[in-house]
Amino acid sequence: MGRRVGLAFAAMAVVALAGCAANTSGSGTDMAAVAPENAQVGGSPKQDSESQAQGKSGERAATSALPERQLVRSAAVDLRAPDATAALGEVKDLVVAEGGYSAQERSQPDRASVTLKVPGDRLDPVLAAIGRLDGVEVTRRELQTEDVTEQVVDVEARLANQRASVERVRGLLDRATSTSEITDIEAELTKRQSELESLQRRYETLKGQTAMSTLTIAISETGAPAAVPEEKNFLSALAGGWDALVGAFGWLLVVLGGVLPFAVVLGLPTFGYLWWRRRRRVVAPAPAPSSSTP
């Protein structure tokens with residue numbers, strides 16, 4: 001009897017242990033199934049942040065890849081000052097201080113003009129400083145801007161292609177074996193190098209125009225007498241006609257003075273020849289009458 005009871009307790013213990021093991025394995029399986037989901041859900045913010053960071057970096061790269069605007073700027077300013085020469089010197093000093101220089105200059109007693117080259121990014125400060133000069137009045141100001149970005153980008157691309165083309169032709173020249181091949185390839189190489197130099201000069205011209213702006217300054221003195229228009233009437237018209245007649249007569253004398261030496265040199269021999277011909281006809285003897293026999 002006791003033995004049977006012990007076996008029964010042992011069987012119950014085995015069943016209980018088996019049930020615990022089954023529950024444990026089921027819980028582990030469920031946790032293993034849930035773990036990837038949690039990992040996947042937990043990884044989404046990281047991936048989103050990485051995607052956003054990549055998007056921002058891509059936007060920055062695209063923004064930096066855009067070419068900088070290439071602008072050709074020019075300005076013209078008319079000034080009035082008590083002393084045109086002194087004002088001209090002040091303007092030149094302002095431009096030189098900003099890294100520019102004088103390209104062309106012309107001065108008269110009561111007026112002056114100058115063409116200046118100013119760094120493109122310093123043109124606006126120079127114009128503002130000119131307007132603040134003591135005793136100087138700005139009577140006219142014009143500013144023109146031309147966007148040549150597309151031209152610069154196009155020339156840069158053509159330059160790169162032309163350089164690559166020249167290098168390819170040079171490679172062909174190195175591999176040429178016959179004289180005819182060398183001659184033909186050298187002619188083609190010369191042609192492409194000429195095109196490359198032409199593109200290079202155009203590119204340098206564009207870059208020079210964008211780097212240095214043109215500033216034209218015209219200065220007139222405030223005390224310069226203004227031109228008084230002449231009153232038109234009969235007497236002024238008569239005086240104008242008389243002046244025109246005198247001028248025409250003077251030009252006629254100039255023409256006669258220029259022609260007279262040729263008339264003397266050529267006319268005297270001609271007159272002498274004609275006089276000799278006429279004299280010869282007069283002194284020519286008359287023909288003797290013919291005698292007739294009865």
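Hydrogens, waters and symmetry mates are skipped; everything else that's a heavy atom, side chains included, is used. Note that the coordinates shown come from a computational prediction; the quantities given were computed from them, not determined experimentally.
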Start with the C-alpha distance between Lys207 and Val155, add both sets of side-chain angles, then the distance that settles side-chain contact (heavy atoms from CB on, under 4.5 Å), and finish with yes or no. CA-CA 11 Å; Lys207 295 299 288 185; Val155 174; over 6 Å; no

Under 4.5 Å between side-chain heavy atoms, hopping through other hydrophobics if needed: is there a path connecting [X] to [Y]?
X      : Y      : value
Leu274 : Trp276 : yes
Val118 : Leu88  : yes
Val114 : Met212 : no
Val126 : Val96  : no

Heavy atoms only: give me the nearest [X]-[Y] pair and the separation to one decimal.
X      : Y      : value
Ile219 : Ala81  : CG2-CB, 4.3 Å
Ala84  : Ala112 : CB-N, 4.3 Å
Ser213 : Leu123 : CB-CD2, 3.9 Å
Ala176 : Glu181 : CA-OE1, 3.8 Å
Gln70  : Asp147 : O-OD1, 3.2 Å
Arg192 : Val169 : NH1-CG2, 3.4 Å

First locate atom [atom1] of [X], then atom [atom2] of [Y], and finally report the distance between them rounded to the nearest 0.5 Å.
X      : Y      : atom1 : atom2 : value
Thr115 : Tyr101 : OG1   : OH    : 11.0 Å
Ser165 : Arg158 : OG    : CZ    : 12.5 Å
Ile217 : Leu127 : CD1   : CG    : 7.0 Å
Thr149 : Arg69  : OG1   : CZ    : 3.5 Å
Glu146 : Gln209 : CD    : CD    : 7.5 Å
Gln151 : Thr210 : CD    : OG1   : 11.0 Å

Take atom CD in Gln200; do more than 12 heavy atoms of anything else shown fall under 6.0 Å from it?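 Yes, the 6.0 Å shell around CD holds more than 12 heavy atoms from other groups.
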
Does Asp134, at its CG atom, have more than 12 non-hydrogen atoms belonging to other residues, nucleotides or ligands within less than 6.0 Å? no

Would you say [X] and [Y] make side-chain contact, with heavy atoms under 4.5 Å?
X      : Y      : value
Val138 : Leu79  : yes
Leu199 : Tyr203 : no
Asp83  : Glu221 : yes
Ile130 : Leu215 : yes
Arg175 : Leu172 : yes
Leu196 : Leu159 : yes
Val136 : Val91  : no

Sidechain N-carboxylate O distance under 4.0 Å for Arg170, Glu167: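 Salt bridge present between Arg170 and Glu167.
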
Is the backbone N or O of Ser194 less than 3.5 Å from a side-chain atom of Ser198, with the two atoms forming a donor-acceptor pair by type? no

Ignoring hydrogens and geometry, is there a side-chain-to-backbone donor-acceptor pair from Thr205 to Arg201 under 3.5 Å?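 Yes, because the side chain of Thr205 sits within donor-acceptor range (under 3.5 Å) of the backbone of Arg201.
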
Flag for Lys117-Thr214: side-chain donor and acceptor within less than 3.5 Å: yes

